[in-house]
Amino acid sequence: MARVLVVLACLWACANCKLNVDVDYFTKMLIQEQEEALKYNLPINAHSYNGYNLDPYSLPNGTETYDYIIIGSGSGGSVVTQQLSEIDGIKGLLLEAGSHEDDFVDVPGMAFFAQGTKYNWNYGTVPQKKSCLGLKGKKCMLQRGKGFGGTTLINGLVYSRGSPVDYDNWAAGGNPGWSYKDVLPVFKELENSHINGDPGYHGTKGLMNVEYSKFDSPHLNAFLASNVELGRKEIDYNGREQLGVSKAQLNTLNGRRLTTGKAFISKVNCKNMKLSDNSYVTRILINPKTKTAFGVQYIKDNKFHVALAKREVILSAGTVASPQILMLSGIGPQKHLKEMGIETINDLQVGDNYKDHPCFYGLNILSNVSIPLKPMHGYVEDYLKGDGVLTLPGNNAGVGFFKTNFSKIPQADIEIMLISPNRSDAFFQKGFGFTDSSNKALIEGVDPTKTFTMYIDVLKAKSTGYLRLKSKNPFDYPTVNTKFLEDDDDHDIKTIYYAINLILEMLETKAMKAIDAKLGKVVLPECKDFEYLSKDYWYCTIRYLSDSLYHPVGTCKMGPDPKKGAVVDNKLRVHGIKNLRVADGSVFPDSLAGHPSNPIMMVAAKLVKFLKEDLKLKN
Ligand SMILES: Cc1cc2nc3c(=O)[nH]c(=O)nc-3n(C[C@H](O)[C@H](O)[C@H](O)COP(=O)(O)OP(=O)(O)OC[C@H]3O[C@@H](n4cnc5c(N)ncnc54)[C@H](O)[C@@H]3O)c2cc1C
Ligand SMILES: *[C@@H]1O[C@H](CO)[C@@H](O)[C@H](O)[C@H]1NC(C)=O
Ligand SMILES: *[C@@H]1O[C@H](CO)[C@@H](O)[C@H](O)[C@H]1NC(C)=O
Ligand SMILES: *[C@@H]1O[C@H](CO)[C@@H](O)[C@H](O)[C@H]1NC(C)=O
Ligand SMILES: *[C@@H]1O[C@H](CO)[C@@H](O)[C@H](O)[C@H]1NC(C)=O
């Protein structure tokens with residue numbers, strides 16, 4: 001079993017502290033936990049929280065009172081919790097459905113396997129029409145992390161803010177205070193950067209570490225050199241410009257995963273903040289007459305509890321659970337709530353505007369350069385020195401930001417991620433949810449030591465999905481329809497096709513020829529009748545082998561006008577409701593030309609500044 005790193009009465013500690021040196025322990029643990037992850041049955045609902053089937057609509061009597069109650073401790077909630085705990089004399093409560101991380105998920109190289117553990121909610125989607133067709137049941141995967149750290153327990157750790165234009169658009173959309181000029185100082189406050197990036201763009205005093213992996217991938221080097229050959233630049237993509245290529249900037253510390261649990265929750269001032277784990281929130285209590293949030297109902301140890309909030313409730317349960325909790329509490333589309341048997345307190349378009357990054361996973365690139373396989377203890381020896389393939393999250397070694405020639409926006413609309421060997425991980429099929437026949441086509445001819453891949457990420461997808469309740473039972477997962485690649489003018493699939501051509505062009509460079517890089521043949525049974533490499537062949541393959549990059553945002557979007565779909569205002573207050581704010585990925589008005597985790601930390605830090613303004617405290 002992996003050791004669990006524990007918060008003991010709010011002190012961060014390790015249950016069995018012989019860390020750092022123990023190669024044997026780590027080797028055995030990694031092998032055993034990988035096997036466990038392969039066998040583990042992922043949950044399909046949250047019914048385990050309510051073993052006695054208590055009626056969630058009967059309120060218990062015992063209550064505790066706090067100034068602030070925070071729901072969820074992922075990228076957003078962890079930052080809110082830690083920063084609020086620093087305010088003198090406040091009394092706060094964090095409710096998190098999961099618990100503490102362990103030293104298995106701490107290994108970035110185990111990122112895929114981490115999805116096969118209790119740290120994954122495994123929400124999932126409805127069957128798709130035009131994407132995810134090569135996945136079981138034609139359903140996209142929807143992994144979300146559970147525990148202190150939330151989705152940073154299982155994510156790809158890439159630090160990427162997106163384009164300045166993203167934030168300028170937020171501001172231009174009626175959200176003053178959110179332009180890049182406004183948010184850049186907040187990014188810097190949070191960051192402890194070791195990447196030697198562009199001057200003026202990075203911080204070195206924050207709690208969130210940013211570094212490059214020490215592992216030197218020859219496949220990444222060929223990718224970087226091939227792009228330079230094609231006239232592009234190697235850049236700090238969180239700096240002066242965003243179009244170009246780079247080694248990935250990572251949220252790791254000496255090669256280990258740095259969750260927001262470890263970075264922020266472990267630094268909480270315990271005098272002012274109670275951390276409550278295994279606490280599943282079922283409802284926010286809102287007075288329907290005054291439209292004021294006054295508390296939270298949650299279940300812990302098979303008992304319902306109520307906690308009262310004198311000042312505010314802060315919802316940070318993420319893009320999937322935050323809209324779900326709002327709807328269960330009477331805030332959402334009136335017609336839908338009525339169908340579910342829930343009384344509407346405020347009619348808002350909660351759950352609409354589900355924006356994500358569709359991603360194409362179907363490329364194999366053969367090469368003649370190998371990353372030699374080692375026995376596990378060899379990888380562990382490197383890892384404990386902060387080096388080696390285990391420091392790469394899911395083998396992600398580098399990123400590039402590009403533009404299609406049909407884009408009308410002044411920022412990147414494609415990201416290409418360079419995934420170093422090896423992709424024939426035992427967990428690959430289970431983690432991605434591929435059917436047997438898709439998986440067979442994908443691993444055909446793969447040499448685990450030499451075959452690498454590039455993921456293609458549509459940064460500015462036109463397709464928009466939605467989220468709805470399955471029922472009024474708070475322990476049912478919500479229904480999610482991503483609607484990937486369903487936009488009317490085929491903009492999104494065209495973007496992927498364009499990116500495939502960019503990659504084919506890269507394979508023709510001297511740098512790629514020097515490692516004998518060639519496209520591996522991936523022919524799905526469903527696409528075999530199309531001429532190999534024709535546009536029809538690619539469109540077919542894309543619809544089968546595309547899925548989420550797991551960057552859903554937007555379901556409680558920020559904006560001035562609830563009639564235009566806004567759920568929160570520019571101070572993150574839920575429209576029409578007092579004492580209730582949201583701070584997580586759900587408030588993004590749109591997808592970023594980057595990855596959401598650190599931008600969500602920025603949103604959370606902004607929220608604490610708003611709360612301090614209201615308390616008339618200096619920021
Ligand atoms: C496989 C994968 C790879 C990714 N790679 C990257 C990457 O490389 N870079 C990047 O920037 N982003 C990446 N992301 C996305 C990123 O990690 C998330 O967007 C981000 O962490 C979400 O933050 P959040 O605060 O919105 O929600 P979360 O981090 O999901 O936090 C929500 C928290 O609320 C808790 N919660 C939910 N429901 C309840 C309830 N009813 N009661 C109490 N608590 C509840 C959850 O347990 C969780 O801890 C990846 C995601 C995945 C799944
Ligand atoms: C709460 O207290 C009231 C009055 O004492 C009692 O009638 C009721 O059953 C209690 N409810 C619960 C859930 O314990
Ligand atoms: C864009 O690029 C594609 C593929 O390289 C090419 O066929 C097309 O003509 C270009 N379109 C424009 C508007 O330049
Ligand atoms: C790489 O793949 C091989 C064969 O599929 C597997 O045995 C090995 O454990 C993998 N190595 C790593 C580091 O994932
Ligand atoms: C890989 O192939 C290239 C091109 O044929 C060749 O120049 C290079 O020496 C080869 N490298 C190895 C390690 O075999």
If I compare all heavy atoms of Leu93 with all of Ala307, which pair ends up nearest, and what's the gap?
CD2-CB, 3.7 Å

Do you know which of Val587, Leu84, Leu572, Val582 makes side chain to side chain contact (heavy atoms under 4.5 Å, CB included) with Leu607?
Leu572

Does the distance from a Lys or Arg side-chain N to an Asp or Glu carboxylate O, for Lys181 and Asp168, drop under 4.0 Å?
no

Treating Glu33 as the side-chain partner and Ala2 as the backbone partner, does any N or O pair qualify as donor plus acceptor under 3.5 Å?
yes

Output yes when a side-chain donor or acceptor of Tyr49 lies under 3.5 Å from a complementary backbone atom of Tyr298, and no otherwise.
no

So, taking the atom named NZ in Lys609 and the one named CD in Gln83, what distance separates them when rounded to the nearest 0.5 Å?
7.0 Å

Any side-chain to backbone donor/acceptor pair from Arg257 onto Val105? Under 3.5 Å, distance only.
yes

Could you check whether any side-chain N or O of Ser193 sits under 3.5 Å from a backbone N or O of Val210, counting only pairs where one atom can act as donor and the other as acceptor?
no

Quick one: are Trp170 and Leu592 in side-chain contact, heavy atoms under 4.5 Å?
yes

Strictly under 6.0 Å, is that where the ring centroids of Tyr361 and Tyr455 end up?
yes

Given 3.5 Å as the limit, does a donor-acceptor pair link the side chain of Gln242 with the main chain of Ala593, or not?
yes

Sidechain-backbone polar pair: His595 side chain, Tyr159 backbone, donor-acceptor under 3.5 Å
no

Taking the six-membered ring for Trp, are Phe148 and His100 parallel (under 30°), tilted (30 to 60°) or perpendicular (over 60°)?
tilted

Only residue of Ser279, Ser73, Ser316 satisfying side-chain hydrogen bond (donor to acceptor under 3.5 Å, both in side chains) with Glu96 is Ser73

Side-chain heavy atoms of Ser213 within contact of Leu250, under 4.5 Å:
yes

Can you check whether Lys557 reaches Val567 side chain to side chain, under 4.5 Å on heavy atoms?
no

Out of curiosity, Leu392 CG to Lys247 NZ, how far, rounded to the nearest 0.5 Å?
8.0 Å

Determine the minimum heavy-atom distance between Lys118 and Lys146, stating which atoms define it.
O-CD, 4.0 Å

Compute the centroid of each ring, for Phe427 and then for Phe112, and state whether the two points are separated by less than 6.0 Å.
no

